[in-house]
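Before any comments, here is the structure.
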Amino acid sequence: MALRDLLDEEQWRARIALAIMLLAFGGLLYVLWQKQVAHGATYEQGLERQSVRRVRTPGVRGRLYDRQGRCLADNRPGYTISLYLEELRRPGRWSNTIQRVEGLLDELSVRLGLPRQVTRDEIWSHIRFRLPLPMPAWRDVNEEVLARLAEQGMDVGGVDISVEPVREYPYGAMACHVLGYIGRADPPRGEEEAFHFYIPEMVGRAGLEKRYDDVLRGRAGGRLVLVDVSGYRFKDLGEQKAAAGHDLMLTLSVEAQQAMEKALDGHVGAGVIVDPASGDVLAMASTPGFDPNRFSPVLPPEEWRRMMDDERRPMLNRAMAANYSPGSTFKPVVALAALQSGAAGAHTTFNCPGYFQLGRATFACWYSPGHGPTDLRQSLERSCNVYYFNLGLLCGYDAIYHMAAALGLGRRTGIDLEGEFGGLLPDDAWKRRTQRDAWRDGDTCNISIGQGALMATPLQMALLTATIANGGTLWKPRLVRGRREPGAKSFELVPPEKANALHWKPDAIRLVRAGMTDVVMSPTGTGRYAKIPGVSVAGKTGTAEYGRKGEGLKLAWMVAWAPAEKPRYAIALVVEEGDTGGRTTAPLMKIVLENLFPEASAPAG
């Protein structure tokens, strides 16, 4: 009986164990059914999401054109080989992943015949700060490299090819300081996680590219790309198209810009050409310069350091971001001040013995034998310093100051570029504030020949010259003539803007214009070496000392307009470390004029 009870108890326990096992197995089957059948679609969608890359695509950057419609800044596709570090991740420490990435880079370098460009530190930096984004390994590769990658490298996981926009400047270094250059924009805040792949946008870093970046830049779009297990694109799932930016038509003329740069080649200096009828900047050059193509897609760091260390400062736009003493190119301003105030007239004459005595101070004329008796028109032709020492004291500095201010000196012109200097137009208040001294007659003498504390930019002097050429209208300079919306055929033009209107006495402006015409057209004029056949030219030369006293450094200036009777071009040109305006810059002005008027310099057929 006890044995039977024991056997029954064991059977009962076996049945309970079997029931528990059956229940557990049933529960497992239920869980599997839930995951694979009831919620299978959900998990399938999740798997698909893990295989989808969200790609941010930049808008096409607007183009820059010259006034005749020639493209100065364009876009082209650039091919980049990138690595997805998340797909190359190895178990354990990040050093294991870095070692794998370095090995892959070395392998691809051999396969593609390209030197490795990414360092170990750069890999670590990418892991720390931009892991969700692909790491560019080689940028702007050519079609031959792409073919080798397709043949030999596409079996490697975690490698992809992307197309990125590359800014292209068809004319190379021409107008580099005006056009500027671009760089890569950082991903907008918060979008590193929103997108797996951020195709870098171009952002303006200097010049018009920077000033009008918000106009040129389009609106970014995006697309969804399904990839296979190796990380390569399987198919496109959808796209939100990016919007293109606006195109800009500039006031620049390729011919005028090339003419100025040809004249300045080999010199350190700057030049500006404006249209006297509108203030349009037809050319703005500064030498030395740089090739903006080197910045796209990325400027090598060693090249940037080399440019920064260059004593000639190739990145500086001397045409509007450098202050210079204008020298004798300022004398027409003094002449106009004296004539307009009534202090002098056409027959006002002073004798030049080669020097001017002011108390104990002696001021020299550049022509030491002296010009002898000189009237106002002759004073411009000969650029007689002694005449302007006398004339400046005769009319007084207030008249000179107000005339110079009315012509735009002492303040920024408002041109649509960043970094413009406004020059310096000193007065008694300025001298008391900076030197704790009152204004003296010696200061007036120095300013009357364009030296002392007076400073101006080539842009200011070009606009001043244009104002004299057109009879009294000071224009606000501009570099953008119009803009065109994406898809539009024509540009919407922007009207020019006046900065000031000077109502000169007709006899006064006529006399100054005649004297400036003599500067070039007379056989004894200081600017005679700028003369070209068949075109009447008016101008003024100038020489000014700069640098430390005793160094003997000179600025060689010339301003001009042509034709003298019906001006089409107003020009300012300055060269550092020159001799004199007449000997150094007048021949360069001739080169500019010959290229602006090719029909005049062409040989007779």
### Task
Determine whether the side chains of Glu261 and Thr287 contain a donor N or O and an acceptor N or O closer than 3.5 Å.
no
### Task
Establish, from distance only, whether the side-chain atoms of Asn75 and Arg167 form a donor-acceptor pair under 3.5 Å.
yes
### Query
Going through the distances and angles, do Lys540 and Ser328 end up as a side-chain hydrogen bond (donor to acceptor under 3.5 Å, both in side chains)?
CA-CA 7 Å; Lys540 185 71 192 76; Ser328 294; 4.6 Å; no
### Query
Quick one: side-chain contact (heavy atoms from CB on, under 4.5 Å) partners of Lys590, sequence neighbours excluded?
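Result, side-chain contact (heavy atoms from CB on, under 4.5 Å) vs Lys590: Ile532, Glu594.
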### Query
Of all residues at least two apart in sequence or in a different chain, which pass the side-chain contact (heavy atoms from CB on, under 4.5 Å) check with Ser253?
Arg67, Gln68, Glu255, Ala256
Salt-bridge test for [X] and [Y]: reply yes if a basic N is under 4.0 Å from a carboxylate O, no otherwise.
X: Arg432; Y: Asp428; value: yes
X: Arg312; Y: Asp310; value: yes
X: Asp275; Y: Arg478; value: no
X: Glu576; Y: Lys554; value: no

### Query
What orientation do Tyr181 and Phe295 show, parallel under 30°, tilted 30 to 60°, or perpendicular over 60°?
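Correct class here is parallel.
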### Query
Sub-3.5 Å donor-acceptor pair from the side chain of His177 to the main-chain atoms of Ala319, do we have one?
no
### Message
Within 45 degrees of the ring normal and closer than 6.0 Å to the centroid, is that where the cationic atom of Arg484 sits relative to Tyr65?
### Response
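Cation-pi check for Arg484 and Tyr65: passes.
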### Query
For the ring pair Phe389 and Phe350, is the centre-to-centre distance below 6.0 Å?
no
### Message
Rounded at 0.5 Å granularity, tell me how far CD in Gln451 sits from OH in Tyr546.
### Response
13.0 Å
### Task
Please assess Arg440 against Asp443 for the test salt bridge (charged side-chain N to carboxylate O under 4.0 Å, His left out), listing each intermediate value before the final yes or no.
CA-CA 5 Å; Arg440 302 179 186 278; Asp443 298 315; 5.7 Å; no
### pair Leu339-Leu376: side-chain heavy atoms closer than 4.5 Å
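Yes; the side chains approach each other to less than 4.5 Å.
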#### Entry: Any side-chain heavy-atom pair of Val480 and Leu250 under 4.5 Å
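Side-chain contact under 4.5 Å: yes.
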### Message
Under the side chain to side chain donor-acceptor pair (under 3.5 Å) definition, can you give me all pairs with a residue in residues 386-405, not counting sequence neighbours?
### Response
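Listed once each, the pairs are Ser379-Tyr388.
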